[in-house]
*Asks:* 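Could you have a look at this structure, given as structure tokens, before my questions?
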Amino acid sequence: MRFIVNALLSLCCTVALSRGYLNGGQPLVPADNVFSVLFFVLFYVLFYFAFHSLYRRDTVISLIAGFVLAACTSAGANFIQFGSLALTDRYFLLNLAALTIIYTALFLLLFKHAPKLNGAIKKVSPPVGIYNRLFGTKWRAFLTFFAVLAICWLPAFLATYPGHFSYDGPIQAAQIFTDGRLNAHHPVAHTLFMTSLFELGKLISGDYQLGLTLYCVIQALIVAACLSYMGAFLLCKKVPVLVVLLAILFLALNPFVQYFAFTTAKGVLFGAFFLLAILMITDMLLDPETFFEKKARIFAFIIVTLLVCLLRKQGLYVLLLFVPVMLVINRRHLVKQAIAIVVGIVLSLVVTGPVSTAAGVIPSPPQEVLSVPIQQLARAINYAPTDKITEEERAAILEYIPQEALDSYIAEISDPVKDKFNQDTYARDPEGFFSIWAEVGQKTPGMYVDSFLYGSMGYLYPSPALMHQWAVMMDFYTIDDLPIERNSMFPAYTEYLDDIGQSFFSGVPILSTLVSPAVPFWIMVLVAAFLFKRRQYKALVPLLAAFIFLCSLFLAPVMCIRYIIPLLYLIPLIISLPYIFPIQRRE
């Protein structure tokens, strides 16, 4: 009976995956040659070992996790093929069903062999003498990881010298050197920190080249220090040395992590302090008594929380959503936890509120948080059938989004439309905007879903095909009032970084997946499945913080590699969560 069931499942999956567009618009399984037989055999072997001696709890968890990944894979391929999500397409449904079975089997297989795999991982460790010299104390571990990162990142520093002046860096610098007035559209704290180092460099050398170098080197040192601290933290929590080493090497060798360490992107420093905050919260969850023993540790946590909020608006939003959940789950020392977290948040609100207003900082325009609804309306009015939107509705939309903005619509990025958004009309009647947005959305839900997926699917489905030119590494550029030039001391490595920044290793197996913006999400699903299986529910709290941050990226103006950098920093911690938290045995 088991043979027949596995054979039928294998046949169904083979047939289902021989239809559709999972492989670059083509079926995953070729139907007209011997490879279909090979896939049938592989599926049978997988199901034979995975579906043996099933446990209901493991099966349910595997089925849920498998369905999530299958849905991302099928929807991503479907979306790439049609530029729209066709949920009723029969090939989509066939692929979804087959992949759900296959991913479920893979999760079950991992669950069954995890103890053996874990035992093998723990056995891989350097000799005691070498281990003690490199990782014997927290400081030695920190210095070892710092040295590894410094050595691996040195080529990137030489390649980008004096630093990669790009993304919002030049725009932020123009606030000081051209406009003479700060704008809260970009984090004021980051703008002041960066431009102060530019001024210091000019004071020392007479030009701004040194200022850019100072900023990029200090930024890289801060990031390397935070990552090294994470490595030492994980070793202290008894995470196997092989897991920690491989995770740190992933960050040390990842071309995007290297490139952004020396790039004037505001999310780089934010990511480093966001990592520190999650590490401290993890420590707080594990041993609140020890954490709250030292006032210096509480003070450090408040400062880190403050920096997280000041360096990126998302930091504040993530904490506001995440903290209540944490306080409910971790009730021990509830008051101390609440005070430690809330103080940093309140201080950030004071700085970005009354202090910024008194200093004459220009407020951030309202459309910066409206990328998703603005794009959805623009897509609907541009692509919906003419009978879907009435003249009155069109006129109402034009009050907020002028025709010029609608004509410049690009599906993958909201800036062309958002930049022309009518702020005055919105300020007078914000309710009217959301009213017309909801009214049109009821008539064109598919348009709204497609618009949302253009800005988010790349975080869920690993494929370079979802990358728009705005999502890749941007070129070095400058402003007239800040003459800076790139003088690469390692042109060959510059070419390598630029090529990867444009292609994401497109066409290179494994590597193209490892540098995909979707990697953090897939790792989260995998780790979450293991945490639920082992009943390590408290370990889900740090994972929740990472997931909330990922969800905040769905509201951004574009799906961009630089937005995912903070989550790349968190990967070593995420994959270590099953080792850090105790397993809750069933009573």
Side-chain angles (χ1 to χ4, degrees), residues 144-160 163-164 166-167 216-217 219-231 234 242-265 267-272 274-275 278-279 458-459 462-464 466-467 471-474 490 492-524 526-527 546 549-550 553 559-576:
T144 298
F145 291 128
F146 193 88
V148 169
L149 290 166
I151 292 170
C152 293
W153 289 0
L154 180 59
F157 170 65
L158 298 177
T160 60
H164 191 55
S166 184
Y167 289 103
C216 290
V217 168
Q219 173 177 266
L221 291 174
I222 292 173
V223 173
C226 292
L227 297 180
S228 301
Y229 173 78
M230 172 175 59
L234 296 178
L242 180 62
V243 173
V244 180
L245 277 174
L246 290 177
I248 295 298
L249 280 174
F250 168 76
L251 297 177
L253 298 175
N254 190 300
F256 293 115
V257 175
Q258 291 183 359
Y259 214 150
F260 278 102
F262 303 98
T263 299
T264 56
V268 178
L269 282 177
F270 163 80
F274 185 62
L275 168 62
I278 303 305
L279 286 172
Y459 297 126
S463 172
L466 291 167
M467 296 292 179
V472 302
M473 286 297 300
M474 293 181 65
F490 198 169
Y493 206 74
T494 305
E495 185 177 347
Y496 160 76
L497 291 175
D498 286 338
D499 179 62
I500 301 306
Q502 298 295 321
S503 68
F504 290 77
F505 285 119
S506 181
V508 182
I510 300 176
L511 289 181
S512 60
T513 300
L514 289 177
V515 300
S516 167
V519 166
F521 173 73
W522 282 60
I523 291 177
M524 285 185 215
L526 177 63
V527 172
F549 177 78
L550 175 65
L553 300 184
M559 197 290 297
C560 186
I561 184 63
R562 69 182 172 106
Y563 293 154
I564 212 72
I565 289 296
L567 291 178
L568 293 181
Y569 295 162
L570 281 167
I571 284 178
L573 174 62
I574 292 173
I575 64 176
S576 299

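This structure is a prediction, so every number in the text was calculated from the model and none was measured.
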*Asks:* Once rounded to the nearest 0.5 Å, what's the spacing between atom CG of L514 and atom CZ of F250?
*Replies:* 6.5 Å

*Asks:* What's the separation between atom CD1 in I574 and atom CG in L568, rounded to the nearest 0.5 Å?
*Replies:* 9.5 Å

*Asks:* Rounded at 0.5 Å granularity, tell me how far SG in C560 sits from OH in Y167.
*Replies:* 4.5 Å

*Asks:* Looking at A265, is its backbone amide N or carbonyl O close enough to the side chain of T263 to form a donor-acceptor pair, meaning the two atoms are under 3.5 Å apart?
*Replies:* no

*Asks:* Are I500 and Y496 packed together at the side-chain level, in the sense that at least one heavy-atom pair is separated by less than 4.5 angstrom?
*Replies:* yes

*Asks:* Report yes if the side chains of T160 and T494 come closer than 4.5 Å at any heavy-atom pair, otherwise no.
*Replies:* no

*Asks:* Using side chain to side chain contact (heavy atoms under 4.5 Å, CB included), reason through F274 and L570 one step at a time and then give a plain yes or no.
*Replies:* CA-CA 9 Å; F274 185 62; L570 281 167; 3.6 Å; yes

*Asks:* How close do A518 and P462 get, heavy atom to heavy atom, and via which atoms?
*Replies:* CB-N, 3.6 Å

*Asks:* Let me see the working for F262 and Q219 under side chain to side chain contact (heavy atoms under 4.5 Å, CB included), right down to the final yes or no.
*Replies:* CA-CA 7 Å; F262 303 98; Q219 173 177 266; 5.8 Å; no

*Asks:* Do N254 and L251 have side chains that get closer than 4.5 Å, going by heavy atoms?
*Replies:* no

*Asks:* Considering non-hydrogen atoms only, spot the tightest contact between A252 and C152 and give its length.
*Replies:* O-CB, 3.4 Å

*Asks:* Would you say the side chain of Y459 lies within less than 4.5 Å of the side chain of Y563, judging by non-hydrogen atoms?
*Replies:* yes

*Asks:* Minimum heavy-atom separation for S516 and S463, please, with both atom names.
*Replies:* OG-N, 4.2 Å

*Asks:* To the closest 0.5 Å, what do you measure between CD1 (I523) and CD1 (I571)?
*Replies:* 4.0 Å

*Asks:* Would you say the side chain of F504 lies within less than 4.5 Å of the side chain of L511, judging by non-hydrogen atoms?
*Replies:* no

*Asks:* Can you label the angle between the Y259 ring and the H164 ring as parallel, tilted or perpendicular, going by 30° and 60°?
*Replies:* tilted

*Asks:* Any side-chain heavy-atom pair from V519 and M524 closer than 4.5 angstrom?
*Replies:* no

*Asks:* Specify the closest pair of heavy atoms between A159 and L497, including all atoms of both residues, with the distance to one decimal.
*Replies:* CB-CD1, 4.2 Å

*Asks:* Are P255 and V515 packed together at the side-chain level, in the sense that at least one heavy-atom pair is separated by less than 4.5 angstrom?
*Replies:* yes

*Asks:* Going from CD1 on I564 to CZ on F256, what distance comes out if it is rounded to the nearest 0.5 angstrom?
*Replies:* 11.5 Å

*Asks:* Looking at the rings of F270 and Y569, which for Trp means the six-membered one, are their centres under 6.0 Å apart?
*Replies:* no

*Asks:* What are the two closest heavy atoms between C216 and G163, and how far apart are they?
*Replies:* SG-CA, 3.6 Å

*Asks:* Among V257, V268, L149, find the one that has a side-chain contact (heavy atoms from CB on, under 4.5 Å) with V223.
*Replies:* V268

*Asks:* Indicate the atoms forming the closest heavy-atom contact of P566 with G267, along with that distance.
*Replies:* CG-O, 3.9 Å

*Asks:* Side chain to side chain contact (heavy atoms under 4.5 Å, CB included), that's the test. Do M473 and F260 meet it? Break it down for me.
*Replies:* CA-CA 9 Å; M473 286 297 300; F260 278 102; 3.3 Å; yes

*Asks:* Please tell me if the side chains of D498 and E495 come closer than 4.5 Å, counting only heavy atoms from C-beta onward.
*Replies:* no

*Asks:* Just one of I575, L234, L249 clears the side-chain contact (heavy atoms from CB on, under 4.5 Å) bar with V244, so which one?
*Replies:* L234

*Asks:* What distance separates L275 CG from L567 CG, expressed to the nearest 0.5 Å?
*Replies:* 11.0 Å

